[in-house]
Amino acid sequence: MLPRNHIVTLPQNKPALLQPVKSILTLIRARNLVMIVMSQALVQACLLAPGVEWQRLLDANFWLLVLSTVCIAAAGYIINDYYDVKIDAINKPERLLVGRSIRRRRAMFAHMILSGVGILLGLLLSIPVAIINLGAVLLLWGYSARLKKLLLVGNVVIALLSASMLLVVAVYADTLNRITLGYAFFALLISLIREIIKDIEDMKGDASFECRTLPIVAGVRGAKLVLYPLLAIFQAFVIVVALHPASKLLFDAYMIVLVLVPSVWLVIKLVRADRKRDFSFLSNLNKLIMLTGILSMLLL
């Protein structure tokens with residue numbers, strides 16, 4: 001019989017069991033994948049017809065399309081980390097997974113399986129979707145292996161892929177309209193801006209491995225001089241959309257307060273930014289602008 005004040009300590013296995021799951025979710029950028037699912041669901045419900053039609057989300061084939069996009073995006077994140085082991089050891093040592101928590105061979109196998117599933121699902125849905133998915137897989141591989149090291153090429157590739165994530169929904173539904181193209185342009189611009197900011201943030205590691213990104217070639221000041229006109233184009237686009245005669249007053253107010261104003265704040269902070277943590281903040285602010293912009297679909 002145990003003494004009254006004796007404390008029984010049970011083995012704490014739960015954190016150890018959850019660690020592999022956490023590593024996998026981090027590797028595939030689970031939060032970003034949720035953003036992709038939400039974005040495509042909003043395109044399906046809000047952009048393909050006048051008004052919001054949530055019943056469109058009951059289409060099983062649409063969810064196969066979403067699954068194909070998620071598989072390809074997850075595969076892209078994995079292959080990027082696979083090729084970036086040495087660079088990430090300098091830029092993000094605390095978040096290095098491939099080669100540490102996850103074996104490189106297993107990471108490559110997961111990439112191939114996910115990419116294959118994404119392409120096959122696209123083929124089941126339609127030839128245009130399959131072509132888009134195959135193109136995305138090839139671009140993501142090329143980006144990870146080589147293109148991101150080239151001046152602006154990798155940035156443009158990711159921006160185009162961000163736009164295609166929205167466009168593929170309309171392509172499958174055979175309803176490619178002006179509003180969907182507008183949101184795709186929004187995604188392209190904001191993604192391009194963020195990619196350049198991330199390149200500034202990761203300059204140290206990239207420079208160690210002969211990358212030719214914009215801030216390495218032109219310096220931080222030169223990269224900023226490219227960002228300013230891109231941000232001006234983005235803000236002009238938001239203003240034109242918000243002031244469109246056919247848009248609703250609530251939508252206009254939302255775009256001004258939650259998209260335009262944060263982008264102005266981003267410019268102000270960019271002017272003063274000179275440290276890695278400053279550009280980390282700008283990258284996160286950019287993601288917030290992307291989120292509020294996508295959510296604006298609900299007000300159309």
Side-chain angles (χ1 to χ4, degrees), residues 35 38-40 42-43 46-48 50 151-170 176-201 213-215 217-274 278-300:
M35 180 82 163
M38 182 189 71
S39 299
Q40 291 193 321
L42 288 174
V43 172
C46 305
L47 301 190
L48 301 186
L151 180 64
L152 285 175
V153 175
N155 306 133
V156 173
V157 165
I158 293 301
L160 289 172
L161 288 171
S162 297
S164 71
M165 173 194 71
L166 303 181
L167 291 176
V168 71
V169 180
L176 190 57
N177 53 38
R178 190 176 298 175
I179 297 176
T180 307
L181 288 171
Y183 273 98
F185 184 65
F186 168 89
L188 186 148
L189 274 179
I190 199 69
S191 297
L192 181 58
I193 291 166
R194 182 167 184 263
E195 286 301 308
I196 295 174
I197 291 172
K198 282 174 60 183
D199 280 349
I200 301 174
E201 183 184 357
T213 60
L214 179 63
V217 173
V220 174
R221 185 173 179 274
K224 286 184 178 185
L225 290 176
V226 173
L227 283 170
Y228 293 140
L230 285 174
L231 282 161
I233 293 170
F234 175 78
Q235 290 166 352
F237 174 72
V238 173
I239 292 170
V240 168
V241 169
L243 298 181
H244 194 280
S247 61
K248 301 175 184 176
L249 181 61
L250 182 59
F251 175 83
D252 298 345
Y254 179 97
M255 292 299 291
I256 296 296
V257 174
L258 294 178
V259 179
L260 182 62
V261 171
S263 73
V264 172
W265 178 240
L266 191 150
V267 173
I268 294 170
K269 296 292 288 185
L270 178 63
V271 172
R272 302 173 181 175
D274 59 2
D278 296 331
F279 294 104
S280 297
F281 172 81
L282 291 173
S283 179
N284 290 328
L285 178 57
N286 192 285
K287 288 178 73 173
L288 177 62
I289 295 169
M290 185 182 298
L291 175 61
T292 56
I294 293 298
L295 287 176
S296 69
M297 295 182 199
L298 291 167
L299 301 176
L300 290 173

Considering all heavy atoms, the nearest Ser247-Asp252 contact | OG-OD1, 2.5 Å
Spacing of CZ belonging to Arg194 relative to CG belonging to Leu266, to within rounding of 0.5 Å | 11.5 Å
For Ala184 and Ala163, which heavy atoms make the closest approach, and how far apart are they?
-> O-CB, 3.4 Å
Start with the C-alpha gap between Phe279 and Asp274, add the side-chain angles, then the distance that decides, and say whether side chain to side chain contact (heavy atoms under 4.5 Å, CB included) holds.
-> CA-CA 8 Å; Phe279 294 104; Asp274 59 2; 5.6 Å; no
For Ala159 and Ser191 the tightest heavy-atom approach is CA-CB, 3.9 Å
With sequence neighbours excluded, give me every ring-ring contact (aromatic ring centres under 6.0 Å, His included) pair touching residues 226-246.
-> Phe185-Phe237, Phe186-Phe234
Determine whether the side chains of Thr180 and Asn177 contain a donor N or O and an acceptor N or O closer than 3.5 Å.
-> yes
Side chain to side chain contact (heavy atoms under 4.5 Å, CB included) between Val169 and Leu47, worked out = CA-CA 10 Å; Val169 180; Leu47 301 190; over 6 Å; no
N/O donor-acceptor pair under 3.5 Å between Ser164 side chain and Leu161 backbone = yes
Separation of Leu48 CG from Ile179 CD1 (nearest 0.5 Å) = 10.0 Å
Could you walk me through whether Met255 and Leu260 pass the side chain to side chain contact (heavy atoms under 4.5 Å, CB included) check?
-> CA-CA 6 Å; Met255 292 299 291; Leu260 182 62; over 6 Å; no
Decide side chain to side chain contact (heavy atoms under 4.5 Å, CB included) for Ile268 and Val264; before the verdict, give the C-alpha distance in whole Å, the side-chain angles of both, and the deciding distance to 0.1 Å.
-> CA-CA 6 Å; Ile268 294 170; Val264 172; 4.3 Å; yes
Is it true that Lys198 and Glu195 have a side-chain N and a carboxylate O under 4.0 angstrom from each other?
-> yes
Heavy-atom pair of closest approach, residues Leu176 and Leu167 | CD1-CD2, 3.7 Å
Ile256 CD1 to Phe251 CZ distance, which is reported to the nearest 0.5 Å = 10.0 Å
Distance from Ile200 atom CD1 to Thr213 atom OG1, nearest 0.5 Å?
-> 9.0 Å
So how far is it from Asn155 CG to Leu160 CG, rounded to the nearest 0.5 Å?
-> 11.0 Å
Whether Lys224 side chain and Ala273 backbone form a donor-acceptor pair below 3.5 Å = yes
How long is the span from the CD1 atom in Ile197 to the OG atom in Ser280, to the nearest 0.5 Å?
-> 10.5 Å
Using distance only, find each side-chain donor-acceptor pair of residues 289-300 under 3.5 Å and give its atom names and separation, not counting sequence neighbours.
from   : atom 1 : to     : atom 2 : distance (Å)
Thr292 : OG1    : Leu258 : O      : 2.9
Thr292 : OG1    : Leu288 : O      : 3.2
Thr292 : OG1    : Ile289 : O      : 3.0
Ser296 : OG     : Tyr183 : OH     : 2.7
Ser296 : OG     : Gly293 : O      : 2.5

Of all heavy-atom pairs linking Leu166 and Ser39, the shortest is CD2-CB, 3.8 Å
Got Leu282 and Glu201 here, is their nearest side-chain heavy-atom distance under 4.5 Å?
-> no
